[in-house]
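For reference, the structure is listed below as structure tokens.
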Amino acid sequence: MRAVIDILDLSLEEIMELIQTAQDIIADPDKYAHTCDRKKLATLFFEPSTRTRMSFEAAMYELGGHVISMSSAASSSAAKGESVADTAKTVSCYADIIAMRHPKEGAALVAATNASIPVINAGDGGHCHPTQTMADLLTIYREKGRFDNLTIGVCGDLKFGRTVHSLVGAMSRYPGNRFVLISPEELKLPSYVKQEHLKAKSIPYEQTTDLEKALPKLDILYMTRVQRERFFNEEDYLRLKDSYILTKEKMKLAPKNMIVMHPLPRVNEISVAVDDDPRAAYFKQVLNGKYMRMALILKMLGIHVAK
Ligand code: NCD
């Protein structure tokens with residue numbers, strides 16, 4: 001497989017195959033400990049990251065492989081003016097697979113077009129974040145046991161949040177799902193995302209500014225932070241940053257079996273007191289992300305392990 005830029009690059013069958021591989025890894029990690037011996041993953045991160053980069057790196061180490069990395073744009077030749085295309089060609093000489101994050105939408109596609117090794121998009125600007133969605137999908141599967149007939153509330157910065165765009169795309173492919181889009185007026189889900197996924201597939205959705213009202217009807221609440229780095233001015237950010245804060249009090253309005261997800265990092269949109277609630281699933285997402293990245297690396301390197 002050459003590239004994963006968008007979650008839609010994977011068919012529903014391929015997603016299920018990755019979920020099954022991830023579950024097999026969880027059940028028997030030793031079986032996978034040498035599957036990537038002598039293989040190298042290059043992590044190219046032109047934007048800040050804690051989880052995604054470390055998750056890819058931990059995933060590769062747990063498969064027995066090695067990691068070479070460019071941890072910041074400032075310390076790489078990008079600072080000298082090198083293009084993404086040239087960086088991708090160069091790194092293809094050193095590694096077997098690339099995971100790349102970049103502030104510009106479309107950068108991962110440019111890298112994939114120029115690299116001679118597989119490229120995974122680890123976030124391109126406000127566009128897509130397919131491997132976060134894989135973490136989200138494994139979490140939904142393990143916690144809810146299905147991908148269909150779910151009411152999914154997404155709350156916060158739906159305009160700039162790339163994890164939301166990818167999740168809406170992914171969950172729109174399963175039958176019976178509906179969305180409640182909770183955001184301030186200024187941070188509504190972009191119309192291209194609505195058009196491409198919700199309207200095109202006649203998925204029921206409502207848009208609201210009211211989290212409390214939405215809570216009782218949700219199976220999943222996906223919280224997100226306001227994406228400060230994508231704002232044009234600080235004033236707007238400061239005005240909108242605390243639009244939603246999920247507290248223990250508000251959780252009383254939510255169904256007993258709803259789960260709370262968040263791609264992290266959290267700023268203050270979920271109060272720390274909610275972490276002890278059995279419905280809080282956001283740290284499980286972190287761990288699930290590593291297993292799904294292990295499964296994806298194996299798939300993209302064409303390494304088959306009998307289940
Ligand atoms: C997300 C991202 O980078 O888009 N973080 C992550 O990878 N888990 C979410 C965010 O930064 O808000």
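Atoms within each ligand, like the ligands themselves, are counted from 1 in listed order. Below, each value reflects all heavy atoms present in this structure, side chains not excepted, and no hydrogens, waters or symmetry copies.
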**Report entry** ligand 1 contact by Q227, heavy-atom criterion under 4.0 angstrom
**Finding:** yes
Query raised in the report: If you measure from the Lys or Arg side-chain nitrogens to the Asp or Glu carboxylate oxygens, is any gap between E206 and K217 under 4.0 Å?
Result: yes
Query raised in the report: What residue and atom, counting heavy atoms only, is the protein's closest point to atom 9 (C) of ligand 1, and at what distance?
Result: L264 O, 3.5 Å
Query raised in the report: Should T52 be counted as touching ligand 1, given the test is an N or O pair under 3.5 Å?
Result: yes
Query raised in the report: Should R162 and E229 count as an ion pair when the cut-off is N to O under 4.0 Å?
Result: no
Query - Side chains of R53 and T43, donor plus acceptor under 3.5 Å - result: no
Requested in this report: Determine the interplanar angle of the Y174 and F147 rings, folded into 0 to 90°, and report it as parallel if under 30°, tilted if 30 to 60°, perpendicular if over 60°.
Outcome: tilted
Requested in this report: Can you sort out which atoms of ligand 1 are near R225, meaning under 4.0 Å from one of its heavy atoms?
Outcome: 10 (C), 11 (O), 12 (O)
Requested in this report: Tell me, please: is T224 in heavy-atom contact with ligand 1, that is, under 4.0 Å?
Outcome: no
Query raised in the report: Of the choices H127, H129, R51, which has the non-hydrogen atom that lies closest to atom 7 (O) of ligand 1?
Result: H129
Query raised in the report: Going by an N to O cut-off under 4.0 Å, is there a salt bridge joining D276 and K248?
Result: no
Query - P265 near ligand 1 by a heavy-atom separation under 4.0 Å - result: yes
**Report entry** Distance from atom 3 (O) of ligand 1 to nearest protein heavy atom, with residue and atom
**Finding:** R162 NH2, 2.9 Å
Query raised in the report: Counting only N and O atoms by type, is there a donor-acceptor contact under 3.5 Å from the side chain of S166 to the main-chain atoms of T163?
Result: no
Query raised in the report: Do any nitrogen or oxygen atoms of T163 come within less than 3.5 Å of a nitrogen or oxygen of ligand 1?
Result: no
Query raised in the report: Thinking salt bridges, do E269 and K241 make one under a 4.0 Å N-O criterion?
Result: no
